[in-house]
2 protein chains.
Amino acid sequence: MARTTPQKHDEILAAAARRFGVTGYRGTSLQDIASEVGCSKAAVLYHFANKEAILTELMAPAIEVLRALDRRIAAESDPESAQRVAAEGFVALAIRFRGEIALLRGEFPALLQQPDFAHVQQISERLLDALAARSARAAARITAFVMLAGIAETCGEFADVSDDELRDALLTLLRRALEPVH
Amino acid sequence: MARTTPQKHDEILAAAARRFGVTGYRGTSLQDIASEVGCSKAAVLYHFANKEAILTELMAPAIEVLRALDRRIAAESDPESAQRVAAEGFVALAIRFRGEIALLRGEFPALLQQPDFAHVQQISERLLDALAARSARAAARITAFVMLAGIAETCGEFADVSDDELRDALLTLLRRALEPVH
DNA sequence: TCAGCCTCTGACCGATCGGTCAGGCATGCT
DNA sequence: AGCATGCCTGACCGATCGGTCAGAGGCTGA
């Protein structure tokens, strides 16, 4: 997608973020975004190829960090350190992009099915595996899933809690919840 | 609404449950349900007032149990026992209705906004309060929220794990994760 | 002055949605 | 035989969706 006038482009992006945060991705129409910007729906589609492209660009920085975390986890050889890297990295990512995560409140499962986010699904599975200390035991994988899904949902709420306080609470919780390596 | 021919009524209900489980509530159209049953869309709307009525009836048993849990929690006077009742009751409910919960995968936030489910939102908040041992500390409420949202999402997955194994894993996790009463 | 590009608009498109409606048809009571 | 009732259909409705398109208008360089 060829980059157009930066300011209008970014203005639309910001408006979309605001609307997605209130009514979710699927619950926000291109017309809603256009009204928020104060232009026509066609103008929005002049700057972006389609609706999904807006979301993709909005999420690009967060996904890049997620991929970096995925690489760091893959580089760890023993399950215990992989679990530690995954836990700390995921919390750091969730805090840093809590705004973006809030946009998708409750729409993760649906969004992960979209073609642009197919690889995110795979990364999530590897993240789960690392959090479960690469164990195949059901209990370990259930625990990891609860934490992964729970933290993702939580970061959208608690907008009044500071980054530091939220991070401390999540790290403490993870340390208590995750099963020690067997 | 007046009960019509029981078998067709239930047939539509079962078909809707199947479809909701695959494509979610919002992602399933009345036409989809009608096709699954093998009748016309108008026939579906002959047996049910509207689309939401199907979901409401599908969820009625689970919501009734949730309300009973809410009453039991309210009857507990000290925070510690309220926390215990909430944790055990919520896990029991999540296991018993894991099929129904799976239907709503990722659509809780949107569904809770619908008028028929407004009181569920309030019950959820009281459940969160009980799980946090009625503490106002941010860390306690964050932990409770992660567990609540995480468990709800988790029950939809892990269809291959038995009820007993899932319950044990969740109860163990909750016992480890929930902060002791201060 | 004029040509060409960038930005944007309003009208429009086909598809799909939830929901309505008049009527067809079988059944069973009077 | 006649009639009411229950069940169901196809045609249809208005609204909304994401997306397209021809062209208007302004700015710029030749």
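Protein chains get the first letters and strands the later ones, always in sequence-line order, with residue 1 at the start of each. Reckoned from all heavy atoms, side chains included, excluding hydrogens, waters and symmetry mates.
- At a threshold of 4.5 Å between non-hydrogen side-chain atoms, the residues A:Leu170 and A:Cys155 count as touching.
- Applying the side-chain contact (heavy atoms from CB on, under 4.5 Å) rule to A:Asn50 yields the partners A:Glu52, A:Ala53; only residues at least two apart in sequence or on another chain are considered.
- For A:Asp32, there are no salt bridge (charged side-chain N to carboxylate O under 4.0 Å, His left out) partners two or more places apart in sequence or in a different chain.
- Judged by distance alone, the side chains of A:His47 and A:Glu11 never bring a donor and an acceptor atom under 3.5 Å apart.
- Contacts of A:Phe145 classified as ring pair (Phe, Tyr, Trp, His ring centres under 6.0 Å), with partners at least two apart in sequence or in another chain: B:Phe158.
- A close approach under 4.0 Å does not occur between any side-chain nitrogen or oxygen of B:His9 and OP1 or OP2 of D:dC7.
- Remark on the helix from C:dT1-D:dA30 to C:dT30-D:dA1: inter-end axis angle 30°, axes from five-pair C1' superpositions, rounded to 10°.
- The phosphate of C:dC8 (OP1 or OP2) has a side-chain N or O of A:His47 nearer than 4.0 angstrom.
- Distance B:Tyr46 OH to D:dG10 P: 17 Å, rounded to the nearest Å.
- Using a distance-only test at 3.5 Å, with no hydrogens or angles considered, no donor-acceptor pair links the side chain of A:Arg141 to the main chain of A:Ala132.
- Checking side-chain atoms of A:Arg176 against main-chain N and O of B:Ala177 turns up a donor-acceptor pair under 3.5 Å.
- Scanning for side-chain contact (heavy atoms from CB on, under 4.5 Å) contacts around B:Glu64 gives B:Arg67, B:Arg71, with sequence neighbours left out.
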Nucleotides 12-21 of chain D: protein proximity per nucleotide (B base, S sugar-phosphate only, - neither; heavy atom, under 4.0 Å): -----SBBBB
